[in-house]
Protein chains: 2
Amino acid sequence: MMMAGLRERKKEQTRRRIAEVALRLFGERGYDAVTVNEVAEAAGVAKVTLFAYFPSKDSLVLDGVKEDTAAIVAGRGDRPPLQALREHYRLMGRQDQGEMDVEGLLTRIRVISSSPALLAGVQQTHMSQREELACALAEALQERGLAPRLMAAQITAAVTTLQEAFFHRLATGVPLEEAGRLLGDEVELAFDLLEYGFSMLKGEIS
Amino acid sequence: MMMAGLRERKKEQTRRRIAEVALRLFGERGYDAVTVNEVAEAAGVAKVTLFAYFPSKDSLVLDGVKEDTAAIVAGRGDRPPLQALREHYRLMGRQDQGEMDVEGLLTRIRVISSSPALLAGVQQTHMSQREELACALAEALQERGLAPRLMAAQITAAVTTLQEAFFHRLATGVPLEEAGRLLGDEVELAFDLLEYGFSMLKGEIS
DNA sequence: TTCAAAAATGTACCCGGTATGGTTTATGCT
DNA sequence: AGCATAAACCATACCGGGTACATTTTTGAA
């Protein structure tokens with residue numbers, strides 16, 4: 001019963017294989033020039049099976065890029081929401097030096113950056129996070145008007161901008177360490193700006 | 001030579017007919033439940049011809065919803081960019097009372113609001129405007145760093161939020177006049193917030 | 001009237017994604 | 001061990017959006 005069976009391991013393995021093959025092919029020949037049929041065939045699996053693991057072509061690349069800003073706010077403890085977010089992104093530039101697959105991450109970013117469809121995809125995920133963030137903020141601040149939505153939109157916009165700059169640097173050859181350092185500085189700037197702006201909102205609403 | 005020919009008039013007319021038929025069908029049966037083939041047939045035209053007028057299915061609905069924030073900034077005269085934008089949106093709530101086709105506008109908004117694909121589409125157009133706006137701001141403020149992109153992102157986020165609230169009210173039955181009034185108030189609030197925030201940026205960068 | 005450009009068309013095709021129905025394969029139970 | 005079951009997998013056919021191409025109709029102008 002549920003002994004972490006061989007079945008589940010094989011599934012996980014197949015899933016990883018598909019994603020890896022896809023990333024490799026996309027990196028070699030470009031996202032749009034590779035069909036899902038080719039990916040499936042190269043991974044030794046049927047198209048239907050591929051779509052059983054990944055709901056769409058872009059999820060082959062975008063899965064695992066999800067951010068969870070709403071969760072950060074929800075689990076912020078006793079800190080104010082903005083501070084929790086700032087501290088989270090402050091770490092983002094440093095942490096990935098560990099055992100992470102830097103090579104794969106870089107080709108992933110390159111693939112994303114060179115495909116309009118994928119860029120649109122990541123923006124879409126940001127936008128869906130925005131709604132959740134708005135709800136989390138509304139609850140955290142006990143405000144139900146336009147203010148939390150406005151704040152969520154501005155936070156999301158700032159984070160998106162930071163991430164785009166970061167990705168763009170990585171995609172154009174800036175070494176990871178330097179990109180991380182620059183990102184750190186920009187995070188502080190962006191959150192200073194947000195905090196400053198919201199200080200006015202707080203005065204106006206409550 | 002170029003006498004505003006009958007040719008061009010017929011083209012315009014065909015284009016309008018296609019768009020109107022599409023909007024009607026989408027309004028009756030939902031965006032996803034109507035195929036482009038049906039639209040083409042109902043408009044008395046071939047599918048290929050339809051795609052010669054409109055580059056995609058969603059453009060059947062979304063064409064003409066384009067905002068041109070970058071153009072507003074570029075043509076701002078001697079006013080600062082934010083003021084030009086504020087004045088533009090200040091008018092948006094009032095102007096459409098004129099000869100505009102209110103009925104068509106409402107069904108258009110209803111169709112958009114009830115289709116995830118179309119909602120994603122309008123967000124995409126906002127995002128592409130963001131890039132242009134960033135360029136316009138960079139030129140207007142003589143700043144090439146992160147600041148103009150951050151400002152553009154925040155402005156776009158605010159405008160998107162305002163428009164969403166406006167659309168949502170219209171789609172849920174709030175009368176146009178009241179929605180316009182509320183929008184007007186919110187425009188002032190949002191731009192106050194933006195101006196307040198940017199005042200800090202100006203101090204920091206120059 | 002004639003002629004060349006523009007517009008419209010029919011057809012066939014590509015690709016992402018889904019539905020269906022059947023076949024293998026791991027698993028839990030006896 | 002052996003067996004039933006459910007999960008994973010697959011082949012195939014299909015759908016809808018979108019494009020390429022070659023052909024035909026329309027239209028403005030000489």
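Any value given below was found using the heavy atoms of this structure, including those in side chains, with hydrogens, waters and symmetry copies removed. Protein chains get the first letters and strands the later ones, always in sequence-line order, with residue 1 at the start of each. This structure is a prediction, so every number in the text was calculated from the model and none was measured.
- Picking from dT18(C), dA8(D), dG18(D) the nucleotide with the shortest atom distance to the side chain of K11(A) gives dA8(D).
- One can find a donor-acceptor pair under 3.5 Å joining the base of dG17(C) and the side-chain atoms of K47(A).
- Take the nearest nucleotide of DNA chain C for G44(B) and for D58(A): the residue whose nucleotide is more 5' is G44(B).
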Determine, stepwise, if the pair I155(A) / Q129(A) fulfils side chain to side chain contact (heavy atoms under 4.5 Å, CB included).
CA-CA 11 Å; I155(A) 293 170; Q129(A) 285 164 31; over 6 Å; no
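- Atom CG of L50(A) is separated from atom P of dA11(D) by 14 Å (rounded to the nearest Å).
- Remark: the S56(A) side chain and the D58(A) side chain contain an N/O donor-acceptor pair separated by less than 3.5 Å.
- Between the CZ atom of R9(B) and the C1' atom of dG28(D) there is a distance of 13 Å, given to the nearest Å.
- If you take CZ of R29(B) and C1' of dG16(D), they are 14 Å apart, rounded to a whole angstrom.
- Counting any heavy atom pair closer than 4.0 Å across all strands shown, V36(B) reaches sugar-phosphate atoms only and no base atom.
- Distance Y31(A) OH to dC15(C) P: 14 Å, rounded to the nearest Å.
- Between R16(B) and E12(B) there is no salt bridge, since no side-chain nitrogen of the basic residue lies less than 4.0 Å from a carboxylate oxygen of the acidic one.
- Heavy-atom nearest nucleotides on DNA chain C were determined for V34(A) and for T14(B), and the one closer to the 5' end corresponds to T14(B).
- In this structure, the nucleotide among dT27(D), dC21(D), dG17(D) sitting nearest to the side chain of F51(B) is dG17(D).
- The phosphate of dA7(C) has neither OP1 nor OP2 within less than 4.0 Å of any side-chain N or O from Y53(B).
- Considering only side-chain N and O atoms, T49(A) lies under 4.0 angstrom from the phosphate OP1 or OP2 of dC10(D).
- Comparing dA26(C), dT27(D), dT12(D) against the side chain of K10(A) picks out dA26(C) as the nearest.
- dC15(C) atom P lies 13 Å from atom CD of E41(A), rounded to whole Å.
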Under the criterion salt bridge (Lys or Arg N to Asp or Glu O under 4.0 Å), I'd like the reasoning laid out for R169(B) against E178(B): C-alpha separation, chi angles, the key distance, then a yes or no.
CA-CA 9 Å; R169(B) 290 202 185 100; E178(B) 185 183 347; over 6 Å; no
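- Distance E38(A) CD to dG17(C) P: 15 Å, rounded to the nearest Å.
- Between N37(B) atom CG and dG17(D) atom P the separation is 7 Å, expressed in whole Å.
- Atom CD of E8(B) is separated from atom P of dA7(C) by 8 Å (rounded to the nearest Å).
- For S56(A), whose side chain is taken as the heavy atoms from C-beta onward, the closest listed nucleotide among dA8(D), dG17(C), dG17(D) is dG17(C).
- Comparing atom distances between the K57(A) side chain and each of dA19(C), dG17(D), dG16(C) picks out dG16(C) as nearest.
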Go through the steps for E164(B) and R149(A) under the test side chain to side chain contact (heavy atoms under 4.5 Å, CB included), then give the verdict.
CA-CA 10 Å; E164(B) 277 174 9; R149(A) 267 182 308 211; 5.9 Å; no
